[in-house]
Amino acid sequence: MKRTIEIEYEIKDSVEAFKEIGKNYRSDINYFYSRYSGIKNINRIDFREIRDKDLKKIEHLKLKTNYLQRCLNTSLGNIKAMWSNTLRLIKSNINANNNLSEEEKHFLYIVIKSRAFVDYVVNTNKTFEDLMENKYFSKWKKENKDFKIEEKKLRQYLRRQIRKMKPSISNTKKEDYFKIDKTLYKFKDNKLYISNPVKKRQRFELISKNTKQYQTEATVKIENNKVRIGFPIDVKQKTLKNNEVNSIGIDKGFIDLITTSNNKIYGHRYCDEIKGHIDKYLLTQKERGRYWSLYYKYKIINPKKAERIKKNNLGYIKFNKNKKLTKETKRKFINESINRFIKEERPTEIIVEDLSWEKKSKKKRYKLGFDLSTWDKGYLQERLEFKAYENNIKITTVNPAYTSQICSCCGKLGERVGKTFKCNSCNQVLDADYNAAINIKKRKENTSITTYMKPKKVLEILKL
């Protein structure tokens, strides 16, 4: 696992020419997204093949040489991640589909393990006989000699699932970043020289107080006349001082970030900590919406007034500054909470719920609040995984179904109201997050409940 070291540089000259790289990078990466993210190219996401065959034929690309290759590599990496997530969600749906037999489910599990198999099933009308000649289907054929596959049914089912679950990679609007590899820059004292993609044998000169030097792929972020460059470096894992096993279940929330199965809270009242920032952000969005309405109103009848409204009220410098401040406050609070949790609890294993979901299923009117909570949840999970790796701690995910609704003492269904959980069977009254954390820890021991099992099936197993 890697962590990113960010160093701030100042551009000595040629600021506009340097910013032009970011604009060209945005243009080309958006082209790669639109060209290669479709289902027809699922088995063509190969960097070397595209670099050697396709790039020479495309004339309108603005970047050149290594800059273009870094752009292509980044876009293909994001496309591969999108497909991995899509196929993972499809696997969950296959598992929950009662209209599929166990033999058909097993067959589809093998198919979605490989993009080449998915391409064969979805993008061709060839029979499955040739596909099953592959060695990965040998075990399935031995176990199901007499079973006849309904090819049309499975092909149509997989196509429907991909149409339903595949998210679209939206075009990026950012012009303030691009990626470079170690062939495009070099250090000399406290200066960094980055190759100019337009003029050969010319480099942009960047100055910094930092004298550290790196030789990795880096991300360049442009902020006015300053540049922040992130260099990823390998994280060294800490060695455990003793062999004691300390497994802890945790419940992650928005009110309290982390509640443990030991009844301790880290990140208490997180919602109150960031409420002021979010309220300010929402108020700003509301005001900007009003000004945008005025802008479109006067755009036809009074264009000069419309431009004045846009220029004086709809800028992004102050808006982005406040947005950045909000995220930095949240980052600091989350990191401090996780560090304190690991330092005080000293876990060797952290048991968490698998709370993945499909973002596009949410209604548009809830988009802003949903995006905010998605960022918090995603960042908390990301930092938890990073800190766990750094401290040599195992992360175990379990099925989240009913962990917050059953009593951790008697196992019967109870009632959760806000932060309080009450069991009507044994009359226990507990903190709701603490009750959930205990159930999450216990869920690991119940091997009959798998991670992607649907809630109805979990309910049957729990006999509630």
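Remember, it's a predicted structure, so these values are computed and weren't measured experimentally.
- Classification of R331 and E328 as a salt-bridged pair holds, one side-chain N sitting under 4.0 Å from a carboxylate O.
- Around NZ of K80, the count of heavy atoms belonging to other residues, nucleotides or ligands within 6.0 Å exceeds 12.
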_Pair F333, Y270 - check ring-ring contact (aromatic ring centres under 6.0 Å, His included), show working._
CA-CA 8 Å; F333 194 90; Y270 172 68; 5.4 Å; yes
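- For K442 and E445, the salt-bridge test fails: no basic side-chain N is under 4.0 Å from an acidic carboxylate O.
- The pair D176-K221 fails the salt-bridge criterion, with no side-chain N (NZ, NE, NH1 or NH2) lying under 4.0 Å from an Asp/Glu carboxylate O.
- The existence of a salt bridge linking D376 and K330 is confirmed by a sub-4.0 Å separation between a basic side-chain nitrogen and an acidic carboxylate oxygen.
- Nearest heavy atom pair, residue T172 against residue K174, reads OG1-N, 3.2 Å.
- Under 4.0 Å is where a charged nitrogen must lie from a carboxylate oxygen, and between K191 and E205 at least one such pair does.
- Counted within 6.0 Å of OH on Y136, heavy atoms from surrounding residues, nucleotides or ligands total 12 or fewer; the atom is thus considered open.
- Rounding to the nearest 0.5 angstrom, the gap separating the CG atom in N41 from the CG atom in D46 is 12.0 Å.
- A distance below 6.0 Å separates the ring centres of F18 and F178.
- Contact of the R51 side chain with the Q69 side chain is registered, since non-hydrogen atoms from C-beta on lie closer than 4.5 Å.
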*Do N97 and K105 pass the side chain to side chain donor-acceptor pair (under 3.5 Å) test, and can you show the C-alpha distance, the side-chain angles, and the key distance before you say yes or no?*
CA-CA 9 Å; N97 193 330; K105 288 181 181 180; over 6 Å; no
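- Closest non-hydrogen pair, S247 versus E349, comes out as OG-OE1, 2.6 Å.
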*Start with the C-alpha gap between N134 and Y120, add the side-chain angles, then the distance that decides, and say whether side chain to side chain donor-acceptor pair (under 3.5 Å) holds.*
CA-CA 12 Å; N134 191 287; Y120 186 96; over 6 Å; no
*side chain to side chain donor-acceptor pair (under 3.5 Å) between T260 and N262: does it pass, once the steps are laid out?*
CA-CA 5 Å; T260 74; N262 295 334; 4.7 Å; no
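- With hydrogens and angles disregarded, no donor-acceptor distance shorter than 3.5 Å links the side chain of N30 to the backbone of N171.
- Checked by atom type, the side-chain pair E345/Y266 shows a donor-acceptor distance below 3.5 Å.
- Partners of T397 by side-chain hydrogen bond (donor to acceptor under 3.5 Å, both in side chains), not counting sequence neighbours: none found.
- A donor-acceptor pair under 3.5 Å is absent between the side-chain atoms of S37 and the main chain of S34, judged by distance alone.
- The distance from the CD1 atom of I274 to the NZ atom of K327 is 12.0 Å, given to the nearest 0.5 Å.
- Between the CD1 atom of I278 and the CG atom of L283 there is a distance of 13.5 Å, given to the nearest 0.5 Å.
- Salt-bridge formation is not detected for the pair R3/D234: no Lys NZ or Arg NE/NH1/NH2 atom is positioned less than 4.0 Å from an Asp or Glu carboxylate oxygen.
- Classification of K23 and D28 as a salt-bridged pair fails, no side-chain N sitting under 4.0 Å from a carboxylate O.
- Of the inter-residue distances, the one linking N24 atom CG with L68 atom CG reads 10.5 Å to the nearest 0.5 angstrom.
- Cation-pi contact between R288 and Y316: present, with separation from the ring centre below 6.0 Å and deviation from the ring axis of at most 45°.
- At least one side-chain heavy atom of R269 sits less than 4.5 Å from a side-chain heavy atom of D256.
- Judged by distance alone, the side chains of R88 and N85 do bring a donor and an acceptor atom under 3.5 Å apart.
- Of the inter-residue distances, the one linking Q161 atom CD with S92 atom OG reads 9.5 Å to the nearest 0.5 angstrom.
- Defined by atom type and a distance below 3.5 Å, a donor-acceptor pair is missing between the side-chain atoms of Q213 and K186.
- For K323 and Y281, the positive end is not near the middle of the six-membered ring at less than 6.0 Å and at most 45° from its axis.
- Heavy atoms from other residues, nucleotides or ligands lying under 6.0 Å from NZ of K387 number more than 12.
- Across all non-hydrogen atoms, the minimal contact from Y67 to P197 is CD1-CB, 3.5 Å.
- Ring centroid separation for the pair Y185 and Y193 does not come in under the 6.0 Å cut-off.
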*asked:* I'd like to know whether K226 forms a salt bridge (Lys or Arg N to Asp or Glu O under 4.0 Å) with E8, so could you lay out the CA-CA distance, the side-chain angles of the two residues, the decisive distance to 0.1 Å, and finally the verdict.
replied: CA-CA 7 Å; K226 292 185 178 180; E8 188 175 278; 3.7 Å; yes
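- A salt bridge between E223 and K324 is present, with a side-chain N of the basic residue lying under 4.0 Å from a carboxylate O of the acidic one.
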*Check step by step if side chain to side chain contact (heavy atoms under 4.5 Å, CB included) holds for T396 and I350.*
CA-CA 6 Å; T396 302; I350 300 173; over 6 Å; no
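- Between N246 and T348, the side chains place no donor N or O within less than 3.5 Å of an acceptor N or O (distance only, hydrogens not considered).
- Geometrically, R383 engages F386 in a cation-pi contact, judged by NZ or CZ lying under 6.0 Å from the ring centre and within 45° of the ring axis.
- Put simply, CG on N78 and CZ on F32 are 12.5 Å apart, with the number rounded to the nearest 0.5 Å.
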_N435 vs S408, test: side chain to side chain donor-acceptor pair (under 3.5 Å). Steps then yes/no._
CA-CA 6 Å; N435 178 70; S408 57; 2.9 Å; yes
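- Between K275 and D279 a salt bridge is recorded (basic side-chain N to carboxylate O distance below 4.0 Å).
- The closest side-chain donor-acceptor pair between S208 and N190, if any, does not fall under 3.5 angstrom.
- For an aromatic pair to be called close, the ring centres must be under 6.0 Å apart, and F137 with W140 fails this.
- A cation-pi contact, defined as under 6.0 Å to the ring centre and within 45° of the axis, is absent between R228 and Y9.
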*Start with the C-alpha distance between K40 and N123, add both sets of side-chain angles, then the distance that settles side chain to side chain contact (heavy atoms under 4.5 Å, CB included), and finish with yes or no.*
CA-CA 7 Å; K40 295 291 183 182; N123 292 328; 3.9 Å; yes
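- A salt bridge links R70 with E217: at least one charged nitrogen is closer than 4.0 Å to a carboxylate oxygen.
- Salt-bridge check for K238 with E390: failed, with every basic side-chain N at 4.0 Å or more from each acidic carboxylate O.
- Nearest heavy atoms, R340 versus I265: NH2-O, 4.2 Å.
- For K113, the NZ atom sits in a loose shell: 12 or fewer heavy atoms of surrounding residues, nucleotides or ligands are nearer than 6.0 Å.
- Contact between I45 and R115 at its shortest, heavy atoms only, is CD1-NE, 4.0 Å.
- Contact check on E20 versus K62 returns no salt bridge, with no Lys/Arg side-chain nitrogen under 4.0 Å from an Asp/Glu carboxylate oxygen.
- Under the 3.5 Å distance criterion, with hydrogens and angles disregarded, a donor-acceptor pair is assigned to the side chains of T183 and D181.
- The shortest non-hydrogen separation linking L63 to C71 is CD1-CB, 4.0 Å.
- In this structure, Y434 has its ring center at least 6.0 angstrom away from the ring center of F421.
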*Does the side chain to side chain contact (heavy atoms under 4.5 Å, CB included) test come out yes or no for I39 and R163, once each step is laid out?*
CA-CA 9 Å; I39 182 62; R163 284 197 299 270; over 6 Å; no
